[in-house]
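Report on the structure given below.
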Number of protein chains: 2
Amino acid sequence: MAVDPRTDKQAAASLGAMHTNGGRGSRKATDQTIYDSIYQAVLTQRLPPGSKLPEVALSELFGVSRSIVRKALTRLASDHVTEQSPNQMAVVARPGIEETRQIFAARRLVEGEVTRLVAGTLGKSEAQALRKLIKEEKSAHERGQDQHRVHCSMAIHQYLARQCPNQVLGKMMLELVLRTSIVIALYKAPGITACFLGNDHGRLADLIIKGEADQAAQLAREHLDTLEGLLDLDEPSGDIDLASILRYT
Amino acid sequence: MAVDPRTDKQAAASLGAMHTNGGRGSRKATDQTIYDSIYQAVLTQRLPPGSKLPEVALSELFGVSRSIVRKALTRLASDHVTEQSPNQMAVVARPGIEETRQIFAARRLVEGEVTRLVAGTLGKSEAQALRKLIKEEKSAHERGQDQHRVHCSMAIHQYLARQCPNQVLGKMMLELVLRTSIVIALYKAPGITACFLGNDHGRLADLIIKGEADQAAQLAREHLDTLEGLLDLDEPSGDIDLASILRYT
DNA sequence: GACTTAATAATTGTCGACATTAAAACGAAT
DNA sequence: ATTCGTTTTAATGTCGACAATTATTAAGTC
């Protein structure tokens, strides 16, 4: 599997590049630091799925004990960013095709209801904050800052989740937004650099602010449907591979 | 707050009663053992909400290091059974009235969809297993074994969650079933010893097996509505209490 | 007697060391 | 050359000890 015996250290190195700020030894790393570093590395695909995450390497990298690393890895696993098995190294999660579809289906259900509940409850300041986020996303899109645009897109959905009167559902939606962003990073079609979907977010915000609950929920579901459609979710189809390889005419 | 200085140890003692099997020293406790003990104690209200859970007391009780206790407490917190704050003792979760309503609302949404997805997908053996669970619940109800009946009721919903084609939604439903059982234990009206709701589970199973997705989902939601209605979710209403106390005619 | 402040006790946070277990490397026999 | 078994290595699992923080107690003052 590992063609290069230094594979493990390489995975850690791709984290260190982000973590060591300015080459100076990091001040004091907490579990949140490690959590964020790994999470960001997964989102930006610097840590591809299946990457090994040895505790000792991470502890040396961040200058903390294994306890802290272990805590971060446990939290990451509970958020489905990594996978943990007893007596086995933690690895970056590898959500499959089927799981990806299930995540999207779950998010359509939850975000639809959250959208319905949020609609009509936003005050002037909240509405303004939402519009500002959307404006920033549009700006990032036009300037071609794709990474920043993705960040803004997530921020918009997270903002809606936090504004939901039902915070139990809100927290569920936050988790699903997180998992969605991971599978998008994994399965987004190569050519698609900008998946800026029309002005969906703008229209969605208008409906929410106006209090059109049903229409807003419907649009949110369609938005997620479109997003899922942009992904490259074709089955690996091991049969065909094998046949084409064995045929040596 | 604590009228008795031994309050902490008392909380631990109520666990020990269940844990020490037959007075013999426990063989080897793992984090799952501690998790289950505390979880069961919370469900049976031997550990009322707000009970302190000191790590040292638990570690001595179960004969393991604090690391194991800490792991169990972390898992319990992520499942909303306990609450953890930095530099502060873990306590049994105290979900409030509003949170309880939100949990029920979320479960109506999720379990409704899970029910719809499961409907019509059960094979003969699965249908038989489901009917067996319902039969056992009914039997426990008739014999007055309330604790066993609650256990069966949970098992039924958990079985449906596990049969759901969308396991992302299934896992969410499992969490919500767990939280629901906790708030039921906390807020169930004093007089209600048997909240055996007609033959809801039997009718629900019939609809699911027959594949009547919409009707099954509708019945599941109504079932949860009825269940929530049986709880004692009146606001503590500090005002009225204060007024009635101060009036001394 | 109530309130503020300092000393004390108890609890959680973190760490390094050791035990245990799974994977990898090596070697001998077929 | 391949396979099985052994040895070696490297990772995780667990533990006890110390540091940091918080809650409690006690004393002192107004």
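Protein chains get the first letters and strands the later ones, always in sequence-line order, with residue 1 at the start of each.
Across the protein-nucleic acid pair, B/D31 atom CG and D/dC15 atom C1' stand 15 Å apart, rounded to whole Å. As a whole-Å value, the separation of A/E55 CD from C/dC15 C1' is 14 Å. Summarising the geometry, the separation between CD on A/Q32 and P on C/dG13 is reported as 15 Å, rounded to the nearest angstrom. Atom C1' of nucleotide D/dA11 and atom CD of A/E60 are separated by 12 Å, given to the nearest angstrom. Distance A/I68 CD1 to C/dG16 P: 11 Å, rounded to the nearest Å.
The salt bridge (charged side-chain N to carboxylate O under 4.0 Å, His left out) search around B/R108 returns B/D225, B/E228, not counting sequence neighbours. Partners of A/R70 under the side chain to side chain donor-acceptor pair (under 3.5 Å) rule, at least two apart in sequence or in another chain, do not exist in this structure. Remark: A/D31 engages A/R75 in a salt bridge (charged side-chain N to carboxylate O under 4.0 Å, His left out) (not counting sequence neighbours). By the side chain to side chain donor-acceptor pair (under 3.5 Å) test, B/R107 pairs with B/E111, B/H157, B/T180, sequence neighbours left out.
Between B/R149 and B/E136, no side-chain nitrogen of the basic residue sits less than 4.0 Å from a carboxylate oxygen of the acidic one, so the salt-bridge criterion is not met.
At a threshold of 4.5 Å between non-hydrogen side-chain atoms, the residues A/L109 and A/E113 do not count as touching. B/V92 has its side chain out of reach of B/L76: every pair of non-hydrogen atoms, C-beta onward, lies at least 4.5 Å apart.
The side chain of A/S65 sits closest to C/dG16 out of D/dC15, C/dG16, D/dT12.
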Could you go through nucleotides 19-23 of chain C and list every protein N or O atom that sits under 3.5 Å from one of its N or O atoms, giving the distance for each pair?
unit_1, atom_1, unit_2, atom_2, d
C/dT21, O3', A/N87, ND2, 3.4

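The local environment of NE2 in B/H151 is sparse, with at most 12 non-hydrogen atoms from other residues, nucleotides or ligands closer than 6.0 Å.
For the pair B/A90 and A/R66, both in contact range of DNA chain C, the more 5′-proximal nearest nucleotide belongs to B/A90.
For the contact set between residues 70-85 of chain A and DNA chain D, defined by any heavy atom under 4.0 Å, the members are A/R70.
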